[in-house]
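First the proteins, then the strands, lettered A, B, ... as listed; each starts at 1.
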Amino acid sequence: MQRSDQQYSMTDEATGIQSPKLVEMCLNAACESKESVQTWRKQIRTLERLPAHLAHPLFHRLLHSGLLNPPLLEVFRYCIEEVVLSGDSSISAEWTVYFKSFKYLRILKAVSCKSLTNVALFHIAGLADTLQELDISCCPKITDEGLSHVLALKNLEGLGISETKITANGVQQLCILKNLRYLDMGGLPVTDSSLCVLTSLTRLESLYVWGSKISDQGVLQLKKFPNLQMVNLAWTEVTRIPSLQSLKYLNMAKCTVASIFEGWNGLDVQLEELNLSGTNIQGPLEVIAGIGAHNLLTVNLSSSNFKDVTFLTGLSKIGVLDLSGTMINDAAMDIIRSIGANLKHLDLSGCRITSGGVGAFARHVPSLEQLHLSGTLVDDCVFEYLQFVHVLKVLDLSFTNIKGFAKERGRAVDSNSFVNLKDLTFLRILDLRNTPISDDSSQGILCLSELTQLDLRSELLSDFSLQSLSLLKKLVVLSIEGAMLTDLGLLQFMPPPQLKTLSLLDCWLLTRKGISQFSKTHKNISVRHGLITIDSAQKNRNLKQIQNKRSPTLKGTRINVQYISGSQAYSTDERIRYSRSALLKLREQSACTSNTLPPLLSNLEELAGLFKMTSV
Amino acid sequence: MRKEDTVKLISAEGFEFVIDRSAALVSNTLKNMLTSSGGFTEREFGEVRFPEISTRILEKVCQYFYWSLQYSSGKEVDFPIEPEITLELMMAANYLHT
C-alpha cells in the first residue's frame, strides 16, 4: 500500500503484463469442480439477476467442462437467452424438458446432437412464445414426427434441419411458419413440388437446399420469394438460375452450370458473392458475362473447368478471388492487373503461374493482403515482384521451388532472395512448407523481423536453422516439420518470447524424452509432434470442432479454402530411407549427445557424415 | 499518505474502504468516474458509493485491485476465489469493468 502511483505505472510499462480480468477469474472459479458448482447453485436469487452476457459464458463453460447436467439447467431459467449445445451427444429429451421452463430462450442450437429425438422436440414446442431460432441440423434421429412439434414454434425466424431424416412431405408442412427468414434444408430430399408449397414463406431471405432433388423446373419457383438474398444450390441437378433481383449470394458448387440469370435485362444486379467451386460450366464466357454483375465482391471458381477469365474484366469492385486449381496460366494475369484495384485476397494455388505471371499484376494490386501461390511454378525471382505488393499480410509459397537464393547478374555468389520482402512491413504470415529451403537459405528469412507465423517443411533444415530462427522475436507460431532436428538442438533452442505453438511434425530424430523435456521448461508453448498425445480434454474439444465444421464447402457463406496440411499428405515414415544399422546409430548419437552435451556443431558434422555414408 | 492519493469506497452496508488511487484505477468504471471531467462528485471528494455491493464482496474487490497491481509488476501470486462468492463477485466485477 505504500508504493506510489508512479512506481506502479513504471513497472506496468516495463513488463507490460496485464493481469487476468476478475470476471474471467470468477468464471473459472465457478467452473472449477462439482463442489464449487454445488456451493453457488444454491444462490437462486443471485442467479435470477445474472445478466445474460455473464450467464452465457458460465453456462457454456460448464457445458464444455462436463459439469452441466439436466437438474442444474433449472438454475439458469431466468438468465439464458441463447443455448449452443452443438456436437454434444449426451443431449437428450431429459435436457429439453428443462429448456421448456426457460423464460427467455430465443436461440437454441443443437447441431450434431446424436441422441436428440423427436420426443425431445416435443418439449421444445413449449417455447413457442420466445424461440426465434432453432438449429437441429445433423441430428440423425429427427424425423417428420419431430418436425410436427417444431411447427408449433410460430415465432421462428431461423430453422436448420439439414442432414436429418425429414422427408419431402415433412418439409412441405413448414409453409405455416410464416416468419421464417432463414431456412436450411441441406441434404434433405426436397423436391420441386415441396419448394412450390413453401413459396408462401414470403419473408424468406436465406434458403439452403444443397444436395436436394430440386431441378431446373423447381428452381423457377425461387422467383416467388421477393426477399431472397442467399441461395445455396450446391450438389444439385440445377443448371439454370432464373433472374433474381434481390439475390446477393449464390452457391452452385459442384453443379453443372448452363446459365445464370439468363435473359436478365435489368440494369441493377445485386449479386455480391458467387461460389462456382468445382463446377462444370458449359460455355463459361457466356454464363458469367451474361450476369453483368458489376457488384460482385467475392468470386470462387476453384477447381472449376475454367480456362478463360476474360469475363472478369468488368468486375472492378472484386475483393476476393479464388482461382485455385483451375487451368489458367500466365496469360490470364493481365486480367488480374486490370481488376486489381480493390483485390484483397487472391488464391492462385495449383495454377500454372510462373514468377513472370506474378510480375504482370504485382504493381497493380495496391490492397492485396493475402496471396496464395502454393503449388505454382514460381521460383525465387517472384520476390523481386512481390516487393511491390506493399500491404501484403499473408504469403503462401508452399509446394514451390523457392530456394531462398537468387542468381544475380555479374555476381559469382548467389544472394539472399528474401531480402526483397524486407520493405513489406505488414507481412505477418509466411508459408514455405515443402520448398527446398536449406540451413543456409533459412538465414535469409531473419530479415523479416515482423513475422508472427512461419511455416517450414524441409529435410534440408537442421538444429542450426531452429537456433537462428529464435531471432524472429515476434513469432507466435513456428513450424519446422520434417527437419533433421535433434533432442540437443531442441534443448538449446531459446524460443521467441511470444511463441505459442511449435510444430515439429515428422521430425523423426526427436525422442519422446527430448520433447517432454522441452515442454517442461517451456510450459506456455504447445508442441506438436507425432510422439505426443494430446490430453483427453483437448482431444474432445478438437473432435467437437471437427463435428461443427460439417460440409464447409456447401454451407460456408464466405469462401473458405482449406488446405490439406502437408503433414497429412506427406506422413510417410522417413526412416525407411535409412538402413536399420545407420538408423540405430543416429538414434544412439542423438540420445548420448543429449546426456553429455558436447558443442552443437560437432554433432551436426557427425550427422552430416552419417548421411553421406548411408547415401553411398 | 496524502488524501489525494486515496479513494474511499463505501459498501451497501456503509463500510468504508480507503485504498490507493492507483489501485482503484484498475477498475475501468472507477477510472472513468475518478478521471473524467464531467464534474462528478466522485471525482471531487474521492468517494464512491456502491449500494449494490455488499461489504464482503467489496473487500474482495479491493484485494483484487492490489493483486492486479502486483501481477502487472511481475509477481505471480494465487488469488483464491471462494465458491460462495463467485456469482456475486462476478456481477460486481462486471459492474466495475474489471
#### Entry: Contact residues of residues 87-94 of chain B (partner chain A; heavy-atom separation under 4.5 angstrom)
B:L87, B:E88, B:L89, B:M90, B:M91, B:A93, B:N94
### Task
Taking atom NE2 of B:H97 as the centre, report whether more than 12 heavy atoms of other residues, nucleotides or ligands fall under 6.0 Å from it.
no
## Note on the structure
Correct closest heavy-atom pair for A:S19 and B:Y64 would be OG-OH, 3.6 Å
### Query
For the candidates A:S36, A:C26, A:A30, which exhibits the highest count of non-hydrogen atom pairs separated by less than 4.5 Å from chain B?
A:C26
## Note on the structure
Heavy atoms of B:P83 and A:W40 approach each other most closely as O-CB, 3.7 Å
### Message
I'd like to check the side chain to side chain donor-acceptor pair (under 3.5 Å) partners of A:E157; sequence neighbours left out, ordered by chain and number.
### Response
A:R181
### Task
With a 4.5 angstrom heavy-atom cut-off, could you sort out which part of A:P20 is near chain B: side chain, backbone, both or neither?
both
Just distance, no hydrogens or angles: give the donor-acceptor pairs under 3.5 Å from side chains in residues 49-56 of chain B, sequence neighbours left out.
| residue | atom | partner | partner atom | Å |
| --- | --- | --- | --- | --- |
| B:T55 | OG1 | B:S11 | OG | 2.9 |
| B:T55 | OG1 | B:E13 | OE1 | 2.7 |

#### Entry: From CG (A:L27) to CD1 (B:I81), nearest 0.5 Å
9.5 Å
### Message
Listing request: all salt bridge (Lys or Arg N to Asp or Glu O under 4.0 Å) pairs with a residue in residues 64-87 of chain A, at least two apart in sequence or in separate chains.
### Response
A:E81-A:R106
### Task
Report yes or no: does A:Q43 contribute a side-chain atom to a donor-acceptor pair with the main-chain N or O of B:I85 at less than 3.5 Å?
no
